[in-house]
Amino acid sequence: MQPAEVTSLPILTGARTTFTSSADVDKQVSGALARGESLYTLDIEVRPETKNPLPAIQPNVILTQDLCDVCAIDLATVARAARRLSPPANVVSLNPLDLHDVLESLDLVGEALGRRAAAAAARAALQARVDAAVERGQAMLDGKGRGRRPNVLFVEWTDPLFPGGHW
């Protein structure tokens, strides 16, 4: 769910791929990466048709990730865009590898935004939800599930088949 304050802000990124099928997107992505091309666009130019391009927004902080070049704009492009701003924006790249890292990311964002207390509250609320889920899962294993764990497959992409898990 997005906060109401951001719903009117412009979208400055776009995909260079067009979704037709999983196999075709995989072909587009593989080709672009082989050619050293970015999979995304970042609108940082001031043009009449762009109501609020990045320079007009004047961000102090830009949040991104560089864990996966297929998932978002590459960090070098974001850093270049941030340096072009006046004053330059602080780029915070989040790269969580596990749930603990996700929780720590809340602290990093809170620090970058000068909102440590709000970040700590959000982290505590999320940790409480995680703890409740762990408790519920354990109760299912101990009782209703008769101690059996279900076999689960998490598929991130269907053609070619790509199991999730690099997060």
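Residues: numbered from 1 along the sequence shown. Being a predicted model, the structure only gives us computed values, none of them experimental.
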Check: Arg35 side chain, Gly31 main-chain N or O, donor-acceptor pair, under 3.5 Å: yes
Joint hydrophobic cluster, Val78 plus Val70, side-chain heavy atoms closer than 4.5 Å: yes
With clusters defined by side-chain heavy atoms of hydrophobic residues (ILVMFWY) lying less than 4.5 Å apart, directly or transitively, does Ile73 cluster with Val61? no
Distance in Å, Arg116 CZ paired with Asp107 CG, rounded so as to fall on 0.5 Å steps: 10.5 Å
Looking only at atom types and distance, does a side-chain atom of Ser105 sit under 3.5 Å from a main-chain N or O of Asp101, one as donor and one as acceptor? yes
Cluster overlap Leu108 with Ile62, hydrophobic side-chain contacts below 4.5 Å: no
Spacing of Glu37 atom CD and Asp74 atom CG [to the nearest 0.5 Å]: 12.0 Å
Measure from the side-chain N and O atoms of Thr41 to the backbone N and O of Thr13, and report whether any donor-acceptor pair falls under 3.5 Å. no
May I ask you to list the residues sharing a hydrophobic cluster with Val155, side-chain cutoff 4.5 Å, ordered by chain and number? Leu153, Leu161
Enter the distance from Arg136:CZ to Asp131:CG here, rounded to the nearest 0.5 Å. 15.0 Å
Would Leu63 end up clustered with Val102 when hydrophobic side chains under 4.5 Å apart are linked, directly or stepwise? no
Do Leu97 and Leu94 belong together in a cluster built from hydrophobic side chains that touch within less than 4.5 Å? no
Count the heavy atoms belonging to other residues, nucleotides or ligands that lie under 6.0 Å from CZ of Arg16, then report whether that count exceeds 12. yes
Distance-only donor-acceptor check, side chains Ser21 and Asp24, under 3.5 Å: no
Is there a donor-acceptor contact under 3.5 Å from the side chain of Thr7 to the main chain of Ala4? yes
Do Thr158 and Ser22 meet the criterion of a side-chain donor-acceptor pair at a distance under 3.5 Å? yes
With a 4.5 Å cut-off on side-chain heavy atoms, are Val92 and Thr64 touching? no
Rounding to 0.5 Å, atoms CG (Asp26) and CZ (Phe162) come to a distance of 9.5 Å
Donor-acceptor pair between Asn95 and Asp66 side chains, under 3.5 angstrom: yes
Do the side chains of Cys71 and Gln65 get nearer than 4.5 Å, heavy atoms only? yes
In this structure, CD of Gln127 is separated from CZ of Arg123 (nearest 0.5 Å) by 7.0 Å
Nearest non-hydrogen partners of Asn90 and Ala112, listed with the distance: ND2-CB, 4.4 Å
Running the 4.5 Å side-chain criterion over Ile, Leu, Val, Met, Phe, Trp and Tyr, what cluster does Leu106 land in, apart from itself? Leu103, Leu126
